[in-house]
There are 2 protein chains.
Amino acid sequence: MKVDEAELILQLRAKGISPSPQRLAVYGFLKANPIHPTADVIMKELKPLLPTLSLTTVYNTLKLFVSKDLVHEVIIEDGELRFDADLCDHAHFKCTGCDKVFDLFPQKGKPVMEKLPELPQGFTVTGVHVCLRGKCSECGN
Amino acid sequence: MKVDEAELILQLRAKGISPSPQRLAVYGFLKANPIHPTADVIMKELKPLLPTLSLTTVYNTLKLFVSKDLVHEVIIEDGELRFDADLCDHAHFKCTGCDKVFDLFPQKGKPVMEKLPELPQGFTVTGVHVCLRGKCSECGN
DNA sequence: TCCTTGAATTGAAATAACTACAATTATAAA
DNA sequence: TTTATAATTGTAGTTATTTCAATTCAAGGA
């Protein structure tokens, strides 16, 4: 996916985030690579482009993005927090063979969960995480 | 929930796990306290009862239980692996106010997800994780 | 242009969850 | 009782993430 920098700047501004080079790089990477990368992966990929980039900045930036609702945290496995710039309602599929994480988009207009489980009185929902596990077509079964 | 020790021993044996005092204590705690505890919580709770218990044993034991499909791992937040001795298909609800994790059971006989998202050709599913986030009745909204 | 101020970035050190490993202890079979 | 195997333990890692103080950057006013 090719991403226009001017467009990225507008999207950051729209969420009240001033667009520093580091922030643009992280957001641009997430937009261009819907692979749900960890902070570590982002760091490794961007380091050649921004040699001064520090891991702390990557963490700071991601935390800022999450707090401003520009990207979502994706929790697939313990011990690795992943990030997703696609804010549409969708589920994830983790292949237990190759460890890749795939997006599963519902049919247009439908939510990922047709019907939410019944909630106790007084409970309110703000988010739904759905992650399937199994084998992708490459890894067979 | 009161749990009979003889019953626990049978359940361990049924999965090919020899019932040491430590294993019985961990499994009994999980059965009696459906609070999806972390290894750390289990350790803190059991230490007074088994003063020699080590954290390594708790981790070993939980990993063994998971590999023998006696308990399930529950992934709610990053950085903390939780465990659940209830093997029925059910969803979880994490209150972002008090951080408690609640069970959400579907109607009898129904799966948690009525309809799975459409999968690409050749993909096979072995497990479904569903976790809602929001506020419980105590924490209001 | 220079100065000031606050925001953003950085690196080093700390923390937390978890794992590896070698030594000890318990269990069970011969 | 001896022996072999399994389970437990403590210590010392490892890895992901956070804290924090110092530095750098960028914008606005004198």
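Numbered from 1 within each chain, the chains take letters A, B, ... in sequence-line order.
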> On the nucleotide dT8(D), are OP1 or OP2 found under 4.0 Å from the side-chain N or O atoms that Ser54(B) carries?
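It does not, given that no N or O in the side chain of Ser54(B) lies less than 4.0 Å from OP1 or OP2 of dT8(D).
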> Which part of the nucleic acid, if any, lies within contact of Thr38(B), taking any heavy atom under 4.0 Å across all strands shown: a base, the sugar-phosphate backbone alone, or nothing?
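If one applies the 4.0 Å heavy-atom cut-off, Thr38(B) turns out to touch nothing in the nucleic acid.
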> Check the pair Arg82(B), Ile75(B) against side chain to side chain contact (heavy atoms under 4.5 Å, CB included), reporting the backbone distance first and the verdict last.
CA-CA 6 Å; Arg82(B) 292 162 171 269; Ile75(B) 296 163; over 6 Å; no
> Where the side chain of Tyr59(B) is concerned, which of dA17(C), dT9(D), dT17(D) is the nearest nucleotide?
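Closest nucleotide to the Tyr59(B) side chain: dA17(C).
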> Calculate the interatomic distance between Leu49(B) atom CG and dT8(D) atom P; express it in whole Å.
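Atom CG in Leu49(B) sits about 16 Å away from atom P in dT8(D).
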> Under 4.0 Å between any heavy atoms, over every strand shown, what does Ser20(A) touch: base, sugar-phosphate, or nothing? Just pick one.
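Contact class for Ser20(A): sugar-phosphate only.
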> Can you work out whether Gln22(B) or Arg82(A) has the more 5'-proximal nearest nucleotide on DNA chain D?
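Closer to the 5' end of DNA chain D: Gln22(B).
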> Take the protein atom CG of Asp78(A) and the nucleotide atom P of dA16(C), then report the distance between them rounded to whole Å.
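It works out to 16 Å between those atoms.
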> Identify which nucleotide among dT10(C), dT17(D), dT9(D) has an atom closest to any side-chain atom of Ala39(A), counting heavy atoms from C-beta outward.
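The listed nucleotide nearest to Ala39(A)'s side chain is dT17(D).
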> Reckon Leu55(B) touches a base, only the sugar-phosphate, or nothing at all at heavy-atom distances under 4.0 Å?
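The answer is nothing, as Leu55(B) stays clear of every strand by at least 4.0 Å.
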> Whole angstroms only, please: what is the OH-P distance between Tyr27(A) and dA8(C)?
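Those two atoms, OH and P, are 18 Å apart.
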> Could you check whether any side-chain heavy atom of Cys136(B) comes within less than 4.5 Å of a side-chain heavy atom of Phe102(B), counting everything from C-beta outward?
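Yes, side chains in contact.
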> Nearest whole Å is fine: how far is dA26(D) P from Leu24(A) CG?
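Rounded to the whole Å, the gap is 13 Å.
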> Using a 4.0 Å heavy-atom cut-off across all strands, classify Ser18(A) as base, sugar-phosphate, or nothing.
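Ser18(A): backbone/sugar contact only, no base atoms under 4.0 Å.
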> Could you label the plane-to-plane angle of the His36(B) and His92(B) rings as parallel, tilted or perpendicular, counting under 30° as parallel and over 60° as perpendicular?
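Because their plane-to-plane angle is over 60°, the rings of His36(B) and His92(B) count as perpendicular.
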> On DNA chain C, compare the nucleotides closest to Asp40(B) and Pro21(A); which residue's is nearer the 5' end?
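Looking at the nearest nucleotide for each, Pro21(A) comes out on the 5' side.
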> May I have the distance from Leu62(A) (atom CG) to dT9(C) (atom P), rounded to whole angstrom?
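It is 12 Å, rounded to the nearest whole Å.
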> Less than 4.5 Å apart, any side-chain heavy atom of Asp84(B) and any of His90(B)?
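When only atoms from C-beta onward are counted, His90(B) and Asp84(B) do touch, with a gap below 4.5 Å.
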> Considering every strand and a 4.0 Å limit on heavy-atom distances, what is the contact class for Asn60(A): base, sugar-phosphate, or nothing?
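If one applies the 4.0 Å heavy-atom cut-off, Asn60(A) turns out to touch a base.
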> More 5' along DNA chain D: Thr56(B) or Ile17(B), using each one's nearest nucleotide?
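Comparing both residues, the 5'-ward one is Ile17(B).
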> Can you check the Arg23(B) CZ to dT25(C) P distance for me, whole Å?
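To the nearest whole Å, that distance equals 19 Å.
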> In whole Å, I'd like the distance from the CD atom of Glu73(B) to the C1' atom of dC18(C).
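Glu73(B) atom CD is separated from dC18(C) atom C1' by 12 Å.
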> From Arg23(A) CZ over to Ser18(A) OG, what is the distance, rounded to the nearest 0.5 angstrom?
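Going from CZ on Arg23(A) over to OG on Ser18(A), the span is 4.5 Å.
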